[in-house]
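A note on names: the letters A, B, ... follow the listed sequences, proteins ahead of strands, and every chain is numbered from 1. What you see is a predicted model; the values in this text were computed from it and never measured.
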2 protein chains.
Amino acid sequence: MFESIDPRSPTPLYEQIAARVRVAVAAGDLAAGDALPSVRALARDLRVNPATVVQAYRDLAADGFVEMRHGQGTFVLEVASYLRDEERASRALELVRELLTEAARLGIGAEELARAFQAETGAEIRE
Amino acid sequence: MFESIDPRSPTPLYEQIAARVRVAVAAGDLAAGDALPSVRALARDLRVNPATVVQAYRDLAADGFVEMRHGQGTFVLEVASYLRDEERASRALELVRELLTEAARLGIGAEELARAFQAETGAEIRE
DNA sequence: CACACTGTTTTAGTTCACCCATACAGTGAC
DNA sequence: GTCACTGTATGGGTGAACTAAAACAGTGTG
């Protein structure tokens with residue numbers, strides 16, 4: 001589930017790990033109540049220090065995504081499940097609208113954004 | 001022109017200074033060909049080290065906003081259209097990256113965003 | 001030339017985010 | 001209790017970003 005962690009990426013390891021968990025939850029690979037890999041197990045798999053995984057988990061806990069239970073494990077919370085399917089699509093639309101608004105303020109049009117989006121994600125965009 | 005610099009702000013001093021110049025240019029307070037305050041003069045006014053002002057000016061020069069002439073001063077450039085395009089493209093990329101980061105926090109991937117973008121702008125996107 | 005301005009370069013100190021290592025503490029099965 | 005797991009807490013090493021200081025170099029005037 002957490003194969004591709006890139007130590008040379010400019011984004012910190014703990015953020016990459018947290019992002020993986022968020023994606024897994026959003027994609028339904030992890031449901032509310034499910035246990036995440038233990039700190040040590042995941043650290044071993046990713047060849048990373050346990051404290052780094054802890055930092056990722058702590059961030060997720062601060063956001064209300066998961067709950068850390070001393071001696072038991074880290075578990076996905078209910079709240080995370082509302083971000084699914086239509087809800088996700090709607091949230092995506094909202095984010096895109098914010099992007100377009102902010103861009104318009106700078107005189108940047110949709111075409112320019114499309115190019116940037118394509119450059120960043122590799123997606124092919126046509127007008 | 002550069003009164004309000006806040007040393008306690010989390011945004012670096014040199015970025016604050018550079019931002020002031022951009023605003024001044026955008027607002028027309030500084031026209032093409034105008035000289036910026038000298039490194040030392042501005043540093044004295046802002047009670048900041050000259051090297052800090054240099055870094056701000058260097059950033060602006062790298063963006064094509066100004067030109068630093070050894071022994072003469074720093075001058076606002078004619079904003080050639082291709083430079084504006086470059087600046088716009090760079091800002092667009094920055095905005096898209098923020099979008100992707102924010103989306104990732106919610107477990108929303110690039111694909112979902114591409115769909116939303118297409119729905120909102122009518123642009124055709126292919127993977 | 002000297003002089004007073006301009007930007008340039010180099011070096012260094014401070015701070016902070018990131019990551020790691022290690023010891024500490026709770027939980028549950030046996 | 002003991003054991004094997006779980007998360008917790010503390011301190012340290014590393015490197016990058018930021019700011020500063022000082023010495024170096026170009027320009028134009030008299």
Side-chain angles (χ1 to χ4, degrees), chain A residues 1-2 4-21 30 33-77 80, chain B residues 1-2 4-21 25 30 33-77 94 97-98 101 104-105:
Chain A
M1 172 164 50
F2 300 99
S4 51
I5 291 292
D6 181 11
R8 292 163 314 181
S9 166
T11 71
L13 293 178
Y14 75 92
E15 269 190 32
Q16 293 184 48
I17 296 170
R20 296 276 161 194
V21 174
L30 281 176
D34 284 357
L36 265 53
S38 83
V39 165
R40 284 171 185 76
L42 185 52
R44 180 167 33 76
D45 288 357
L46 297 179
R47 296 171 186 197
V48 152
N49 193 276
T52 301
V53 177
V54 167
Q55 188 170 358
Y57 281 12
R58 200 194 318 267
D59 279 17
L60 292 167
D63 284 358
F65 251 81
V66 304
E67 181 187 13
M68 307 179 81
R69 298 189 204 138
H70 198 164
Q72 302 185 42
T74 302
F75 302 87
V76 179
L77 284 182
Chain B
M1 171 161 50
F2 301 100
S4 52
I5 291 292
D6 181 10
R8 292 164 315 181
S9 165
T11 71
L13 294 178
Y14 76 92
E15 268 189 32
Q16 293 183 49
I17 297 170
R20 294 278 160 193
V21 175
V25 171
L30 282 175
D34 285 356
L36 265 54
S38 83
V39 166
R40 283 169 185 77
L42 185 52
R44 180 168 32 78
D45 288 358
L46 298 179
R47 295 170 188 199
V48 152
N49 193 275
T52 302
V53 177
V54 167
Q55 188 171 357
Y57 281 12
R58 201 198 314 270
D59 279 18
L60 292 166
D63 285 357
F65 257 81
V66 304
E67 180 187 13
M68 308 179 81
R69 299 190 204 138
H70 197 164
Q72 301 185 45
T74 303
F75 302 87
V76 178
L77 281 182
E94 192 178 326
R97 285 197 178 121
E98 287 172 9
T101 302
R105 289 180 65 83

- Item | Interatomic distance where CG belongs to B:L42 and P belongs to D:dT19 [whole Å] | 14 Å

- Query: For C:dC5, does either OP1 or OP2 sit under 4.0 Å from a side-chain N or O belonging to B:S38?
  - Reply: no

- For B:R40, answer base if it contacts any base atom (sugar-phosphate contacts may also be present), sugar-phosphate if it contacts only those atoms, and nothing otherwise; contact means non-hydrogen atoms under 4.0 Å. base

- Message: What is the distance, to the nearest angstrom, from the CD atom on B:Q55 to the C1' atom on C:dT10?
- Response: 14 Å

- If every non-hydrogen atom of B:L77 is compared with every non-hydrogen atom of B:G64, which pair is closest and at what distance? CD1-O, 3.6 Å

- In whole angstroms, how far is the P atom of C:dT9 from the CG atom of B:N49? 16 Å

- Query: Considering only side-chain heavy atoms of A:P12, which listed nucleotide, D:dT8, D:dA20, C:dC18, is closest?
  - Reply: C:dC18

- Query: Quick one: is D:dT19 close enough that its OP1 or OP2 comes under 4.0 Å of any side-chain N or O from B:Y14?
  - Reply: no

- Message: Which is more 5' along DNA chain C, the nucleotide nearest A:Q72 or the one nearest A:T11? Just name the residue.
- Response: A:T11

- How far apart are the closest heavy atoms of B:F75 and B:G33, and which atoms are they? CD2-O, 3.6 Å

- Note on the structure: Whole-Å distance, A:R69 CZ to C:dG26 P, equals 17 Å

- Message: Show the nearest heavy-atom pair for residues B:I5 and B:R20, with the distance to one decimal.
- Response: CD1-CG, 4.5 Å

- Expressed in angstrom and rounded to an integer, what is the separation of B:L13 atom CG from C:dT14 atom P? 17 Å

- Query: CE of B:M68 versus C1' of C:dT6: gap in Å, rounded?
  - Reply: 10 Å

- Mind checking B:V48 for me? I need base, sugar-phosphate or nothing, with any heavy atom below 4.0 Å counting as a touch. sugar-phosphate

- Item | Between D:dA20 (C1') and B:R58 (CZ): distance, integer Å | 14 Å

- Message: With a cut-off of less than 4.0 Å, is there a side-chain N or O of B:Y57 near OP1 or OP2 of C:dG7?
- Response: no

- Please name the pair of heavy atoms, one in B:Y14 and one in B:T52, separated by the smallest distance, quoted to 0.1 Å. CB-O, 3.6 Å

- Counting distance only, does the side-chain N/O of A:N49 pair as donor-acceptor with the main-chain N or O of A:A51 below 3.5 Å? yes

- Message: In whole Å, I'd like the distance from the CG atom of B:L60 to the P atom of C:dG7.
- Response: 13 Å

- Item | Toward the 5' end of DNA chain C, by each residue's nearest nucleotide, A:G71 or A:R47 | A:R47

- Message: Counting only side-chain nitrogens and oxygens, does A:T74 get under 4.0 Å of the OP1 or OP2 atom of D:dG7?
- Response: yes

